[in-house]
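Side-chain atoms are counted along with the backbone in the values below, which use heavy atoms only and exclude waters and symmetry mates. Order of the sequence lines sets the chain letters (A, B, ...), proteins ahead of strands, with each chain counted from 1.
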Amino acid sequence: MRAKTFKGGIHPKEYKELSNQCPITPAFPASKTVTIPVTMGGAPNQPLVKVGDEVAKGQIIASGEGFMNCPVHSSVSGKVKKIQNCLITGNGMAPCIIIEADDAGRETLLPVLNPFETTKEQALARIKEAGIVGMGGASFPAHVKLNPPADKIIDYVLINAAECEPYLTCDERTMLEQPAKVIDGLAIVMHIINGGKDGQGHAKGIIVLEDNKEYILPALENEIAAAGYADKMSVCLVKTKYPQGAEKFIVSAATGREIPSAKLPADAGCVICNVGSICSISDAFRLGMPLIERSLTISGGAVEKPVNLRVPVGTIVSDLMPSCFTLKSEGASEPVKIISGGPMMGFAMASADFPVAKGTSGVTFLTEKETFLEEESQCISCGSCVAKCAMRLSPALIVRELKAGNIEKAKSFGLMDCIECGCCAFVCPAKVNLIQRIRLGKGIVRQKMAEEKTKAAAKAAAEKAEGGK
Amino acid sequence: MSNKIHVSSSPHFNLKCNTTMIMGTVLFALLPEIIMGIVLFRWAALIRILISVASCVCFEYIFQKVTKQKVVIGNLSACVTGVMMALVSPPTAPVWIFVVGAAVAMIVAKGLFGGIGSNVFNPALTGRAFMFLSFPAAMGASWLTPKTISAVDAISSATTLSAMKAGTFAVEQGTYWQYFIGNRAGCIGETSTLLILISFAFLALAHIIDWRAPVAMVGTVAICSCITGENVAMALMTGGLMFGATFMVTDYATAPLTKKGRLIFGFGCGLITFLIRRLGGYPEGVMFSILIMNSVAPFLNNLTARKYGYGKKAGRPADAKEVK
Ligand code: SF4
Ligand code: SF4
């Protein structure tokens, strides 16, 4: 099979070998305390518990009324200690519910549900109830994603198994250890997308795998054949290249289509799920288990022995030290950056005292040698960023126009199409802060759009008032 | 854990390659030409290269000091300009002229435009053009013949290009080979097609330069010469075409950034070179063609690639009824 791919992109060193031999091991924070963000994807939730309440594992502790809300469950059986703002991924402070675990072992799971007996609505309700979001980082609520507008015909359900960020291997390990669960999850999603019990849809399932993980392919194909899905599921091998795992390139590599600018995958007839999410979907039906645990990779040159762990959602990363992993401390191998996620798109955190959220796919501790701390210098117009931009934009020109204040020109070079993947900054010899500048530019555009909207609304209201006289 | 934890925006990974390393690599790629120049023209070449480099670095330093900018001569870009300016000048040019050229290159062409990456015109070529136009007698009247290497003396002979233009050029047996390896009169570093090809291959394979503009330029000259029935091999191997295509057309700041833009840029340089050589008042057109195209380069940047998500491939094809 020839591996498919897309134009542009880069080949950062992968460092997968640091952790891809490490089985996913269950772990529990030493402090026996979890700090669960009230909102993890979707619209802002309200806490449903008070300080002092006893909660059961799997009990909903925060949620909201809206369609875009996604409930949050307690990942342990215990007592609510505090509800307060804590440091979370992204370096902001956000309300979190701090629960101290007890030994009572209270558990309230959902009833087991046969996914193939359900209608689309029932299935989507279950997915919402289980609090499932995209687990690759963006944390988009799954019940919204799996319910594309009725006028969009979906041809493919794609599993994003590229895991193109360096260091991270938890998806790789999941597919290796539980191929059956991945296939089951995919079948469930296809059932939903195809309209549930009496649905008419014809969507096929494709697992999009980077060829550095080709060794997992036979296991997945065997599993597909064993489950009797050979006619509607396949595995598509794609070249190992960053940012293969971005939605747009999963779609273009696997199907040859492109997601139109500013549109959703559904506009290209595709729905994309991450490996972690697909497994939680299977668990939500088969075990009645809400999304209260997740697998993640802890790696990086500053970690003594990188690991893959499965921890309760809300585990504070530093609570896993030293029982699960330790950091190197001598000179050059000390960490200088702590990243929630991988080194290309992850967030640099001020400390390791932040909770594992539903979207935390890994924590990377980088040494000074691995990362770069050089200061920005003047763009030398080398064009490397243009050559490597996966979206085929012209980053240096966008930034140049932004500096000159020509927002419209910057847009024509692709300002609003940037997916912030970081390829451009990765190759830039002058270390220009391309992404920061592009983000600022996007902010200006969005603000302008918002202003215009309010202005237009005010004008419309004024006109209405005029007309009413 | 220490208090050395840094928080900065993604990506946290990059290629371990910076501006200084790129400039260093270009200097390294220029070594064969430098050595060849010294072998052919001895002290005359060495002194001019050294003076040119030293004055470029000095002028950049002075300019940055005076205008209270950060001094960045450490990034070696001034050295590159200095070397290039010397290599495209005749070995008989008076030494003082390089100081003048360096001042124009570093202050007028580069510094005033905003320094590295912001200049519109190639500094080395601007410096040379100034030298050439202001002191024509000093810059092109006499050439050194490398054949008399033991006792290098100046001769007032016409160059190959002027001879070709006048129709008095005769190709003897062995001429091609001598030209190919560079045993001919000419500017200090422009003589050897072979060595320049090696430099080109090295820079292109190291991804320091993009092949598009050079190939388009040389290709255009070759095709035009072929159509008009000229001696194609000689058109390519004489003058500064090869050197210009490898080192000047690929200058980062003064060429377009986009792939399509670079192709058109190279094509334009080739076409103008050909026209000047054939019809213009000067025997050589490489320098002017590149400078002219430099002024167009910012507009050529508008020739971008098709962005992802626009055009035909975007969206679900209308005829996608049922997937097989
Ligand atoms: S401009 Fe945006 S999309 Fe292009 S490489 Fe840079 S971050 Fe990625
Ligand atoms: S890679 Fe950096 S130096 Fe090169 S053009 Fe882009 S922004 Fe400028």
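Within the 4.5 Å cutoff, the side chain of B/Thr258 has heavy atoms near those of the A/Ser394 side chain. Two residues are said to be in side-chain contact when any heavy atoms from C-beta on lie closer than 4.5 Å; B/Ser8 and A/Lys337 meet this criterion. Looking at B/Thr19 and A/Ser377, their side chains come closer than 4.5 Å, going by heavy atoms from C-beta outward. Counting only heavy atoms from C-beta outward, the side chains of B/Leu15 and A/Ile10 never approach each other to under 4.5 Å.
A/Arg392 contributes a side-chain N or O that, together with a main-chain N or O of B/Arg306, makes up a donor-acceptor pair within less than 3.5 Å. At least one donor-acceptor pair closer than 3.5 Å links the side chain of A/Gln378 to the backbone N or O of B/Gly114. Judged by distance alone, with hydrogens and angles left aside, the side-chain atoms of A/Thr371 form a donor-acceptor pair with the main-chain N or O of B/His12 at under 3.5 Å. Although no hydrogens or angles enter the test, the distance criterion places a donor-acceptor pair under 3.5 Å between the side chain of B/Tyr308 and the main chain of A/Ile259. No donor-acceptor distance shorter than 3.5 angstrom exists from the side chain of A/Glu258 to the backbone of B/Ala314, with no hydrogens or angles considered. A donor-acceptor pair is defined here as one N or O able to donate and one able to accept, closer than 3.5 Å; such a pair exists between the side chain of B/Lys307 and the backbone of A/Ser412.
Ring pair A/Tyr15/B/Phe13 is perpendicular by interplanar angle, where above 60° counts as perpendicular and below 30° as parallel.
Looking at A/Ser261 and B/Tyr310, their side chains do bring a donor and an acceptor atom within 3.5 Å of each other.
Neither the backbone nor the side chain of A/Lys152 has a heavy atom closer than 4.5 Å to any heavy atom of chain B.
Note on A/Lys7, A/Lys13, A/Met345: by heavy-atom pairs under 4.5 Å with chain B, the leading option is A/Met345.
Evaluation of the side chain to side chain contact (heavy atoms under 4.5 Å, CB included) rule for B/Thr81 yields B/Cys56, B/Ala105, B/Met106, B/Pro123, B/Ala124 as partners, not counting sequence neighbours.
Partner of B/Arg316 under the salt bridge (Lys or Arg N to Asp or Glu O under 4.0 Å) criterion, chosen from A/Asp267, A/Asp155, A/Asp151: A/Asp155.
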